[in-house]
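Single-structure report; data block below.
The model shown is predicted, which means the values in this text are computed figures rather than measured ones.
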Amino acid sequence: MPRKREVAAPEFEPRSDMLLEVQELRKWFPVTGGVFGRQVGNVKAVDGVNFFIRPGETLGLVGESGCGKTTTGRVILRLLEPTEGRVYFEGRNVFDLNREEMRRLRRQMQIIFQDPYSSLNPRMTVGDIVGEALEIHGVARGREKEKRVQNLLDVVGLNPQHIRRYPHEFSGGQRQRIGVARALALNPKLIICDEPVSALDVSIQSQILNLLEDLQSEFKLTYLFIAHNLAVVKHISDRVGVMYLGQVVELCQSDELFANPLHPYTEALMSAIPLPDPEFRQERIILEGDVPSPMHPPIGCHFNTRCRYAMPICQEEPAFIDVGEEHFVACHFRKTRQKQ
């Protein structure tokens, strides 16, 4: 019988110096089949995720498509209900809150969605889109709401006079700025950025990233930045977590991760980054096979079927441990090599 995943680090007693703490978070989606529609299994989209975010910092969450990044963000906000686990926001377990308490907490936790086209209601004006939350939470109405919306549009680099325009009258980059303004409307402490630049042109991506950094400094924001582009993550993140098949396999400072990746999956991701020096050639690590199904993940370490360092011990699930200076990794090979 495979050993259950250990939680060796970080220790998750609610801490006053952490804004957000996630402990053993799981989200499994039931799969039904047969004539009677009985449950035949679960898609383990998020399967034991642990991390923390300090006030004012940006944690990047990176991994290939389907690894559970977006699901993790949505479960934290309770846009999806969890299967197991705990999420502490300023020491309070988000999953223990009732409906009214959760409504009040949503003022502190907001999200910027990936697609700037489908995330904005085409039948609503910009003023209604950005100002909707102000009315729902009783912050401002009428002329006061309009003034606040115009100020928000100005903050994100849009013309305040465009308050009565509709989303189709804006470009993709401008639409994403509207999404940023909507997230800022209630002056939150945490914003989950769900791949906010992946649908934009490269030149526009840099503008949005610079805007997010400026806003973070001005409004003392904390970001969970979800992306699959390592260059983007390195640019904006203080720390980076690498996800694979529903689990965080490595987590550390951004500079440390790019200089000293410890997990074989992280190594493979790093080797795929194009370098601007045509004289320098680095080893390209090609992962063999396809990503396993999250409905039937491999026994033990989820990466062992594609890992070039796989050993018999990899049939047991590795603990997520701190190997020094808050560099967390879940890998038997790295632990073994360090002992030698």
(request) For the pair D201 (side chain) and I204 (backbone), establish whether a donor and an acceptor sit closer than 3.5 Å, ignoring hydrogens and angles. (result) no

(message) So does V329 get a backbone contact from the side chain of E250, meaning a donor-acceptor N/O pair under 3.5 Å?
(response) no

(request) Taking E21 for its side chain and Y88 for its backbone only, find out whether a donor-acceptor pair lies under 3.5 Å. (result) no

(message) For a 4.5 angstrom cut-off between non-hydrogen side-chain atoms, does R308 reach E267?
(response) yes

(request) Check whether any side-chain heavy atom of I111 lies under 4.5 Å from a side-chain heavy atom of F113, and answer yes or no. (result) yes

(message) Between D115 (side chain only) and S119 (backbone N and O only), is there a donor and an acceptor less than 3.5 Å apart?
(response) no

(request) Could you pull out the closest heavy-atom pair between P264 and Y309, with the gap in Å? (result) CG-CD1, 3.5 Å

(request) Spell out, as yes or no, whether a donor-acceptor pair under 3.5 Å connects the side chain of N229 to the backbone of A231. (result) yes

(message) Listing request: all side-chain hydrogen bond (donor to acceptor under 3.5 Å, both in side chains) pairs with a residue in residues 180-190, at least two apart in sequence or in separate chains.
(response) E90-K189

(request) Sequence neighbours left out, what passes side-chain contact (heavy atoms from CB on, under 4.5 Å) with T71? Give chain and number order. (result) K27, F29, A45, V46, V75, L80

(request) Give a yes or no on whether the backbone of V156 and the side-chain of R177 come within a donor-acceptor separation of less than 3.5 Å. (result) yes

(request) Walk me through it: do Y244 and H263 pass the test ring pair (Phe, Tyr, Trp, His ring centres under 6.0 Å)? (result) CA-CA 11 Å; Y244 181 80; H263 197 280; 7.7 Å; no

(request) Would you mind checking if E146 and R164 are paired as a salt bridge, meaning a charged N to carboxylate O distance below 4.0 Å? (result) yes

(request) Using the side chain to side chain contact (heavy atoms under 4.5 Å, CB included) rule, pick out the option among I285, L287, V242 that qualifies with L269. (result) V242

(message) Taking V233's backbone N and O only, do any of them form a donor-acceptor pair with S237's side chain (distance below 3.5 Å, no angle check)?
(response) yes

(request) Can you measure from CG (N210) to CD1 (I236) and round to the nearest 0.5 angstrom? (result) 8.5 Å

(message) I want to check something: taking the side chain as every heavy atom from C-beta on, are H235 and F225 in contact at a cut-off of under 4.5 Å?
(response) no

Contacts table for residues 251-259: side-chain donor-acceptor under 3.5 angstrom, sequence neighbours left out:
| residue | atom | partner | partner atom | Å |
| --- | --- | --- | --- | --- |
| E256 | OE2 | N260 | ND2 | 3.1 |
| E256 | OE2 | H327 | ND1 | 3.1 |

(message) If you define the side chain from C-beta out and look only at heavy atoms, does anything of T125 sit under 4.5 Å from I163?
(response) no

(request) Give me the one residue out of E325, E57, E326 that meets salt bridge (charged side-chain N to carboxylate O under 4.0 Å, His left out) with R239. (result) E57

(message) Is the shortest side-chain heavy-atom distance between I53 and Y223 below 4.5 Å?
(response) no

(request) For K44 and G246, indicate whether the former's side chain and the latter's backbone hold a donor-acceptor pair under 3.5 Å. (result) no

(message) Treating D238 as the side-chain partner and T58 as the backbone partner, does any N or O pair qualify as donor plus acceptor under 3.5 Å?
(response) yes

(request) For residues F333 and I313, determine if any side-chain heavy atom of one lies less than 4.5 Å from a side-chain heavy atom of the other. (result) no

(message) Checking the side chain of Q114 only, and the main-chain atoms of S198 only, is there a donor and an acceptor separated by less than 3.5 Å?
(response) no

